[in-house]
> 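There's a structure below that I have some questions on.
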Amino acid sequence: MAEPGGGRPVTVSDVQQLVRRKDEIEAQIKACYELLEGQKGVGMHEPLVDAEGFPRADIDLYQVRTARHNIICLQNDHKALMKQVEEALHKLHAREKEKHARDEAEALAEAMSQNQSLPQAFAKVNAVTPGSPASVSGLQVDDEIVEFGSVNANNFQNLQNIAMVVQHSEGRPLSVTVIRGGRRVHVGLTPKRWAGKGLLGCNIIPLQR
């Protein structure tokens, strides 16, 4: 089947259109057979002359011949159309397969570049209390911290660095960057007084590198 529209790829809509045409042809073939059935049950091969060789007077010969001719033409069209449907489906399937493979390759390349460009983490969240400022901000257990306000892997010495940033940022949003599931995630964390202990409601431990 030539690509419809002069070289553009086959679409689902093209296949649906072909199937609709196939259904129409099948309906026309059925109508022709019903017409033959109405003519004393004459099919495609019964003789149209009587025992003496004269044209049969009990049927409409013109209608029968026309219906037979139409059935032959329509069956040829149907056969050609089925071939088109099959080829279109094959092309559609091949393209879907190709697209799936391409998407997988792109996802893999993106994951690899993510891993290569991920910054170094210096601490890890090992507990988050429900309802706390940390929990509300979206911080999760096992998040690896790469930036906590102005603190990063280059200037981090101990947890006192984080404690100082927290105390100086009470009531003000802090930009926190973590690695979660191999991806970089940004969290807006506002240290503040709440029902529990401290200003965050989470436990952070240094990472041993």
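Nothing here was measured: the structure is a model prediction, and the numbers come from that model. The first residue in the sequence is number 1, and the count goes up from there.
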> If you round to the nearest 0.5 Å, how far is CD of E96 from NE2 of H93?
9.0 Å
> So do the side chains of L92 and R95 get within less than 4.5 Å of each other, counting heavy atoms only?
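L92 vs R95: side chains touch.
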> Determine the sole option in V12, L18, T11 for which the side-chain contact (heavy atoms from CB on, under 4.5 Å) test with D14 is passed.
T11
> Hydrophobic cluster membership, with links at side-chain heavy-atom distances under 4.5 Å among I/L/V/M/F/W/Y: are V136 and V185 in one?
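No; tracing contacts between hydrophobic side chains, which count when under 4.5 Å, never links both residues.
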> Step by step, work out the side chain to side chain contact (heavy atoms under 4.5 Å, CB included) result for E98 and R102.
CA-CA 6 Å; E98 191 183 302; R102 201 167 55 241; 3.6 Å; yes
> Can you confirm whether F148 sits close enough to V166 that some side-chain heavy atom of one is under 4.5 Å from a side-chain heavy atom of the other?
yes
> For W194 and G131, which heavy atoms make the closest approach, and how far apart are they?
CE3-O, 4.1 Å
> Tell me, do F122 and V151 make a side-chain contact under 4.5 Å, heavy atoms counted?
yes
> Do E144 and V178 come close enough that some side-chain heavy atom pair is under 4.5 Å?
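No, side chains not in contact.
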> What is the minimum heavy-atom distance between N155 and S150, and which atoms define it?
ND2-O, 3.0 Å
> For K22 and E26, what are the C-alpha separation, side-chain angles and deciding distance, and is it a salt bridge (charged side-chain N to carboxylate O under 4.0 Å, His left out)?
CA-CA 6 Å; K22 175 190 80 74; E26 285 172 358; 3.2 Å; yes
> Considering all heavy atoms of both residues, which atom of Q120 and which atom of V146 are nearest to each other, and what is their separation?
O-CG1, 3.5 Å
> Would you mind reporting whether Q140 and V128 have side-chain heavy atoms less than 4.5 Å apart?
no
> Please answer: with hydrophobic residues joined when any side-chain heavy atoms are less than 4.5 Å apart, are V42 and L35 in the same cluster?
no
> Tell me whether E46 at atom CD has more than 12 heavy atoms from other residues, nucleotides or ligands lying less than 6.0 Å away.
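Above 12, so yes.
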> Hey, which of T66, L48, V49 is the one that makes side-chain contact (heavy atoms from CB on, under 4.5 Å) with L61?
L48
> Where is the tightest heavy-atom contact between P133 and T190, given as atom of each residue plus distance?
CB-O, 3.6 Å
> Is it true that a side-chain atom of R68 and a backbone atom of M44 form a donor plus acceptor pair closer than 3.5 Å?
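Yes; at least one donor-acceptor contact below 3.5 Å.
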> For N76, which residues count as a side chain to side chain contact (heavy atoms under 4.5 Å, CB included) partner, sequence neighbours excluded?
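N76 satisfies side chain to side chain contact (heavy atoms under 4.5 Å, CB included) with I72 once adjacent residues are dropped.
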> Does the side chain of N70 reach to within under 4.5 Å of the side chain of Q28, using non-hydrogen atoms?
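No - every pair of side-chain heavy atoms lies 4.5 Å or more apart.
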> Look up atom NE2 in H69 and atom CG in L74, then write down how far apart they are to the nearest 0.5 Å.
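One finds 9.0 Å between NE2 of H69 and CG of L74.
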> What is the distance from atom NZ of K83 to atom CD of E86, rounded to the nearest 0.5 Å?
8.0 Å
> Could you grab the distance from atom CD1 of I162 to atom CD of Q167, nearest 0.5 Å is fine?
12.5 Å
> Side-chain heavy atoms under 4.5 angstrom apart, residues restricted to Ile, Leu, Val, Met, Phe, Trp, Tyr: same cluster for M82 and V15?
no
> For I205, run the side-chain contact (heavy atoms from CB on, under 4.5 Å) check against V125, I145, N126 and tell me which one passes.
N126
> Considering only residues two or more places apart or on different chains, which pairs with a residue in residues 185-198 satisfy salt bridge (Lys or Arg N to Asp or Glu O under 4.0 Å)?
E170-R193
> So how far is it from E147 CD to I179 CD1, rounded to the nearest 0.5 Å?
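So the gap between those two atoms works out to 10.5 Å.
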> Heavy-atom count around M164 CE within 6.0 Å, excluding the residue itself: above 12?
no
> Looking at A134 and C202, what are the two nearest heavy atoms and their distance?
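Taking every non-hydrogen atom into account, CB-CB, 3.6 Å.
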> Working to the nearest 0.5 angstrom, can you tell me the gap between R180 CZ and L139 CG?
7.0 Å
> Please name the pair of heavy atoms, one in S169 and one in P191, separated by the smallest distance, quoted to 0.1 Å.
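Taking S169 first and P191 second, the nearest heavy atoms are O-CD, 3.5 Å.
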